[in-house]
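For reference, the structure is listed below as structure tokens.
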Amino acid sequence: MQTFHTDLLCVGAGLAGERVAIAAASAGFSAMCLSIVPARRSHSAAAQGGMQAALGNCAMGDGDDPDVHFADTVKGSDWGCDQEVARLFCDSAPIVMRELAAWGVPWNRVVAGRSSYFKGGAQFEKIEKKEKEGLITARAFGGTAKWRTCYTSDGTGHTVLYAMDNKAAQLGVPVHDRTEVIALIHDGENCLGAIARSLRNGELSAYLAKATLIATGGFGRIYRESTNAVINDGGGLISALDTGLVRLGNMEAVQFHPTGIVPTDILVTEGCRGDGGTLLDVNEERFMPEYEPEKAELASRDVVSRRMTEHMRRGLGVKSPYGDHLWLDIRHLGEKHIRSKLREVDEICKYFLGVDPVRQLIPVRPTQHYSMGGVRTDASGAAYGLAGLFSAGEAACWDLHGFNRLGGNSLAETVVAGMLVGQKTVEFLKGRQVNFSTAVIEDAVARQKDRIGRLIAKTDGKENVFSVKNRMHDAIMKGAGIFRNGTDLAACVDELQDTLDAARKVGLSTNGRGASPELTLALKIEGMVKLALCVAFGALKRTESRGSHSREDYPERNDRDWLVRTLASWPDGADLPLLEYESATEVFEILPGDRGYGGGAIIPMPPPAAPGEQGTPSGPAEQTATASTGSTGSAGSTGSAAAPPTQGRLAETGSPNTAGSPHAGADAAQGDK
Amino acid sequence: MARILSFSIFRYNPGDPASAPRLDNFLLDESDRMTLFIALTRLREEQDASLQFDFCCRAGICGACGMVINGRPGLACHTKTKDLPKEITLLPLPGFDLVADLSVDTGKWFRAMYRRVESWVHTDKAFDPAAEEERMDNALAEQIYELERCIECGCCVSACGTSRMRPDFLGAAGLNRIARFMIDPRDERTDSDYFDLVGNDEGVFGCMGLLACEDICPKEIPLQDQLGILRRKMAFTAVKDIFRMKEKGKKK
């Protein structure tokens with residue numbers, strides 16, 4: 001077995017991972033990235049739209065500044081975000097766009113003079129200023145007051161990732177691709193690196209590091225239908241959860257996009273509806289006006305997704321071998337418009353469906369799109385629960401997005417957080433000394449060898465790994481999708497617990513030799529089911545509706561009791577996650593209010609008392625949901641009362657106060673001792 | 001509809017001493033709007049869990065799934081089965097190290113390429129976070145983007161006659177990368193610098209002009225034009241350098 005030493009180990013070589021590695025390498029530290037695919041195939045490359053940054057160069061962005069961006073972001077998050085983080089992000093984003101320009105990103109630039117644009121199907125005119133010509137321009141995106149999204153045609157993520165990987169290559173940052181982390185190495189207080197398995201030959205390696213960063217992106221693939229790449233299965237989150245110490249934040253906050261194509265779930269842009277496209281059901285009739293008389297297809301992303309689901313539940317979806325779907329109709333927009341303004345949609349239909357959208361309907365359905373939740377970190381990117389562990393990008397719950405993220409904020413977050421967390425990681429490394437215990441390392445390796453051996457020898461059972469995955473997909477698609485309610489969520493948690501039991505009995509049908517894809521999945525299936533349980537159980541316990549988390553039985557946003565972030569950890573051997581809560585934000589620049597769209601009732605938070613106590617709401621913030629085994633009965637009862645037994649369990653598994661938590665904010669949940 | 005597809009797939013797992021290179025046959029019922037991504041995923045889940053292949057974005061963006069599909073290199077994710085006959089032969093891309101079955105090590109090849117062409121902006125300027133960005137003409141930005149659209153799938157390398165005879169040939173992808181930096185004013189390298197990198201038979205003068213690269217590029221990048229421009233420029237630079245050397249010689 002090979003052992004590698006480095007100052008910083010980045011798990012993931014997408015935009016966030018490479019940006020942090022670049023920061024460390026630039027400061028003279030050794031940095032290394034591990035990735036299951038070549039760096040440039042990371043899912044960052046797939047983001048087409050752009051990156052939000054308040055540069056204010058283009059005419060429609062005139063008067064923009066980080067304050068306006070900040071307000072959009074906080075409202076977008078439905079007040080679920082950490083406002084300190086949102087402020088850091090909005091202030092830094094413009095600098096990051098300029099730095100990327102210096103590194104070679106061919107941003108689209110301001111062209112002076114008159115030009116036209118479309119809004120709601122109608123044509124308008126704008127005039128770009130001569131003095132801004134050649135500066136980075138921006139396009140419009142949903143939920144923003146200004147045009148703020150910097151872009152390179154339809155390939156923003158691609159060009160930024162290529163520029164980033166070029167920079168990493170220039171600095172000599174090694175990227176070990178086809179290398180998958182299957183466990184973190186830790187001594188209960190410090191993260192010491194990771195055990196990785198080669199996806200070339202199946203061999204294990206130990207990577208020892210003073211600091212480790214999880215930047216593995218989202219976990220959309222716990223859902224059957226996701227716009228995410230097939231690699232976004234939450235691998236990094238699983239290794240964090242398996243420590244029993246690290247906390248995952250707001251796992252129930254999952255974003256769905258209304259128009260993923262069927263099958264293959266590739267996204268077609270919101271622009272289709274923006275330009276006048278309509279949604280049709282099995283009878284080829286429009287249905288959105290019936291639900292949303294005013295906005296119809298142009299209601300917000302979460303609202304349209306909810307209505308589509310409701311309509312399919314009524315049996316009015318189109319049956320297909322890939323499940324029910326609806327139709328997107330853009331035929332009436334005409335050939336000229338579709339082949340030019342919606343060229344990308346036209347190409348997706350051609351390549352992936354064999355459909356000509358000028359003459360045919362496009363099969364679509366709401367599809368999982370983004371994970372707001374992830375490894376909970378403080379503003380510096382340090383994870384709760386283990387010193388020396390950091391996280392950034394979609395894998396992290398830093399928490400810029402709260403319960404709903406704005407388009408263009410996620411791609412920007414990867415690089416902005418990468419830069420900021422990179423700086424903090426460098427500061428951390430400057431004072432960091434660790435002892436690498438050979439006993440701890442050998443124990444970590446032995447555990448993984450044992451797991452692999454048991455899977456190959458079918459020691460624990462012969463459950464088929466693909467069947468288990470399908471069961472997980474069935475359960476979560478049914479219970480923890482767009483619409484949620486106590487009954488379905490309780491059933492979902494129940495079924496996922498049975499699935500977890502099955503996942504623990506998986507045995508391979510093949511010999512598992514080499515880079516075996518069956519073994520690769522078998523090594524993470526239990527973790528994937530656990531992530532699914534974090535989502536479903538967190539959603540069950542959160543008895544309110546906020547952003548993308550929509551409870552039919554609790555339709556109000558409840559700022560009185562639920563202006564909090566869920567923290568999930570997984571005690572060793574448990575069948576459910578341990579849930580704790582902390583206040584959503586310690587700092588309020590903007591107090592909770594109406595978003596200005598989406599509607600919905602709000603139960604207001606009590607007026608703030610003394611300034612120092614602002615960020616400490618009452619209610620669930622002080623409480624802990626049960627993690628006791630086989631407790632779906634109590635999970636079904638949606639009351640906010642904490643189960644007493646968990647106090648003892650929490651003490652057993654180590655409270656965050658004692659687990660080397662790098663951030664005082666982590667203790668908010670336990671602060672009311 | 002309802003065809004039964006007959007797949008003939010190259011199999012070899014170097015990690016398994018019992019494995020020998022061969023073609024395996026699979027039958028699969030075709031479904032509506034089926035792509036090779038769907039078909040291969042089903043074959044693995046339903047018939048042979050050891051079948052190895054690479055998919056990542058499955059949306060034609062990441063370049064992971066290049067393979068030889070009925071004799072022609074292409075992206076499996078955006079190949080629809082209804083555009084193929086019912087006998088489908090799948091082989092790994094030639095020219096790259098084999099990982100197993102249909103999976104090849106394109107990542108390793110491309111990383112070596114970045115080092116050879118020094119695939120980054122060469123500049124002496126330090127980034128100033130307080131300064132406005134350097135201005136650029138939007139048309140030029142779009143031109144750079146056109147050449148940056150390469151997704152490193154490796155299809156052009158696999159289809160290239162020169163690459164087959166000369167494994168150290170940079171290939172269309174490598175030469176296109178040089179062209180991308182050459183037109184970028186932020187990169188301060190001179191034509192002579194580029195000549196040192198690619199002005200040889202492993203680089204721009206190795207191309208025999210068969211142009212399969214352009215025929216099969218899934219992103220339809222104008223590789224043929226780039227090659228022509230690059231070649232002319234490099235030849236011109238070579239001649240200039242010869243004269244410059246002569247001048248130097250005279251002075252001595």
Side-chain angles (χ1 to χ4, degrees), chain A residues 37-38 40-41 43 45-46 95 97-99 101-104 106-111 133-137 152-153 155 158-159 162 166-167 169-170 175 177-178 199-202 229-231 263-264 266 320-322 348 351-354 363 465-466 508-511 513-518, chain B residues 13-16 31-33 35 37-38 44-45 48-52 54-64 77-78 80 82-83 99-100 103 105-107 110-111 114-115 118-121 123 125 127 129 131-138 141-142 144-145 148-149 151-152 184 186-187:
Chain A
V37 292
R40 292 176 193 221
R41 312 222 191 285
H43 198 45
I95 298 167
M97 301 309 129
R98 293 186 181 121
E99 184 177 62
W103 290 358
W107 293 119
N108 277 84
R109 305 294 180 130
V110 175
V111 179
E133 182 148 62
L135 295 175
I136 299 169
T137 192
T152 50
S153 302
H158 171 89
T159 60
Y162 273 46
N166 284 338
K167 190 74 189 170
Q170 181 186 2
V175 178
D177 64 13
R178 290 184 185 267
L199 300 181
R200 285 188 179 81
N201 54 31
V230 297
I231 56 172
T264 61
I266 298 163
S320 85
Y322 311 100
I348 288 171
Y351 281 128
F352 297 96
L353 294 171
V465 69
F466 301 111
L508 299 194
S509 69
T510 61
N511 62 22
R513 288 186 188 144
S516 165
E518 191 187 20
Chain B
N13 180 4
D16 181 357
S31 55
D32 208 12
R33 300 190 288 266
T35 63
F37 165 66
I38 295 170
R44 179 193 282 172
E45 297 199 358
D48 187 343
S50 70
L51 182 59
Q52 295 196 44
D54 293 319
F55 284 102
C56 181
C57 77
R58 57 84 181 89
I61 294 163
C62 80
C77 73
H78 76 188
K80 296 179 293 294
K82 76 168 186 186
D83 295 339
V99 174
S103 173
D105 207 339
T106 46
F110 277 94
R111 227 172 323 127
Y114 314 152
R115 278 197 290 273
E118 299 180 11
S119 169
W120 53 82
V121 171
T123 178
K125 289 179 198 149
F127 172 67
E132 193 178 78
E133 65 270 24
E134 261 183 59
R135 294 181 189 233
M136 181 183 276
D137 185 53
N138 190 57
E142 288 183 346
I144 296 171
Y145 175 64
E148 185 118 307
R149 284 170 52 248
I151 56 172
E152 302 189 352
D184 191 332
R186 292 168 293 197
D187 195 311

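These values consider heavy atoms only, across backbone and side chains, with no hydrogens, waters or symmetry-generated copies. Naming convention: chains lettered A, B, ... in sequence-line order (proteins, then strands); numbering from 1 in each chain.
For a residue to count as touching a neighbouring chain, one of its non-hydrogen atoms must lie under 4.5 Å from one of that chain's; by this rule A:Asn108 touches chain B with backbone and side chain alike. For a residue to count as touching a neighbouring chain, one of its non-hydrogen atoms must lie under 4.5 Å from one of that chain's; by this rule B:Lys82 touches chain A with the side chain only. B:Tyr114 touches chain A through its side chain: at least one heavy atom from C-beta onward sits under 4.5 Å away, while N, CA, C and O do not. In this structure, chain A has heavy atoms under 4.5 Å from both the backbone and the side chain of B:Ile151. Only the side chain of B:Arg111 comes within less than 4.5 Å of a heavy atom of chain A; its backbone N, CA, C and O stay farther away.
Across all their heavy atoms, A:Phe466 and B:Arg44 have their closest contact at CE1-O, 3.8 Å. The heavy-atom pair separating A:Phe352 from B:Arg58 by the smallest distance is CE2-O, 3.6 Å. Of all non-hydrogen atoms in B:Asp32 and A:Tyr322, the two that sit nearest each other are O-OH, 2.8 Å. Among all heavy-atom pairs drawn from B:Ile38 and A:Pro263, the shortest one is CD1-CG, 3.5 Å. In plain terms, the two heavy atoms of A:Pro106 and B:Ala141 that are nearest each other are CB-O, 3.6 Å.
B:Glu152 places no side-chain N or O within donor-acceptor distance of the main-chain N or O of A:Arg40, the cut-off being under 3.5 Å. Between the side chain of A:Tyr351 and the main chain of B:Cys77, no donor-acceptor pair closer than 3.5 Å is present. The backbone N or O of A:Arg513 sits less than 3.5 Å from a side-chain atom of B:Asn13, completing a donor-acceptor pair.
Comparing B:Lys80, B:Glu148, B:Arg135 by heavy-atom pairs within less than 4.5 Å of chain A, the highest count is held by B:Arg135. Note: A:Ala169 leads A:Ser320, A:Ala45, A:Ala169 in heavy-atom pairs under 4.5 Å with chain B. Contacts with chain B were tallied for A:Gly134, A:Gly155, A:Ala46; A:Gly134 has the most, counting heavy-atom pairs under 4.5 Å. Between chain A and the options B:Asp54, B:Thr123, B:Asp187, the largest number of non-hydrogen pairs under 4.5 Å is found for B:Asp54. By number of non-hydrogen pairs under 4.5 angstrom with chain A, the leading residue of B:Cys56, B:Gly15, B:Ser103, B:Ser50 is B:Cys56. Chosen from A:Gly202, A:Ser516, A:Ala515, the residue pairing most often with chain B at heavy-atom distances under 4.5 Å is A:Ala515. Chain A forms the most heavy-atom pairs under 4.5 Å with one residue out of B:Gly60, B:Ala64, B:Cys57, and that residue is B:Ala64. Comparing A:Asp177, A:Leu199, A:Ile231 by heavy-atom pairs within less than 4.5 Å of chain B, the highest count is held by A:Asp177. Heavy-atom pairs under 4.5 Å with chain B peak, among A:Glu133, A:Glu99, A:His43, A:Lys167, at A:Glu99. Chain A forms more heavy-atom pairs under 4.5 Å with one residue of B:Thr35, B:Asp105, B:Asp137 than with any other, namely B:Asp105. Per-residue heavy-atom pair counts under 4.5 Å with chain B were compared for A:Gly354, A:Ala229, A:Pro517, A:Pro38, and the maximum is reached by A:Pro517.
In this structure, CG on A:Asn511 lies 4.5 Å from CG on B:Asp16, to the nearest 0.5 angstrom. Taken to the nearest 0.5 Å, the CZ atom of B:Phe55 stands 11.5 Å off from the OG1 atom of A:Thr264. Rounding to the nearest 0.5 Å places CD1 of A:Ile348 at 12.0 Å from NE2 of B:His78. With rounding to the nearest 0.5 Å, the separation of CD in A:Glu518 from CG in B:Leu51 is 12.0 Å. A distance of 9.0 Å separates OG in A:Ser153 from CZ in B:Arg149, rounded to the nearest 0.5 Å. Within the model, atoms CD of B:Glu118 and CG of A:Asn166 stand 11.5 Å from one another, a figure rounded to the nearest 0.5 Å.
Donor-acceptor pairing under 3.5 Å is lacking for the side chains of B:Ser119 and A:Tyr162.
Among residues two or more places apart in sequence or in another chain, the salt bridge (charged side-chain N to carboxylate O under 4.0 Å, His left out) test is passed with B:Arg186 by B:Asp184. Every residue was checked against the salt bridge (charged side-chain N to carboxylate O under 4.0 Å, His left out) condition with A:Arg41, not counting sequence neighbours, and none meets it.
When each of B:Glu134, B:Glu133, B:Glu132 is tested with A:Arg98 by the rule side-chain hydrogen bond (donor to acceptor under 3.5 Å, both in side chains), just one qualifies, namely B:Glu133.
Taking 4.5 Å as the limit, every side-chain heavy atom of B:Met136 sits out of range of all side-chain heavy atoms of A:Trp107.
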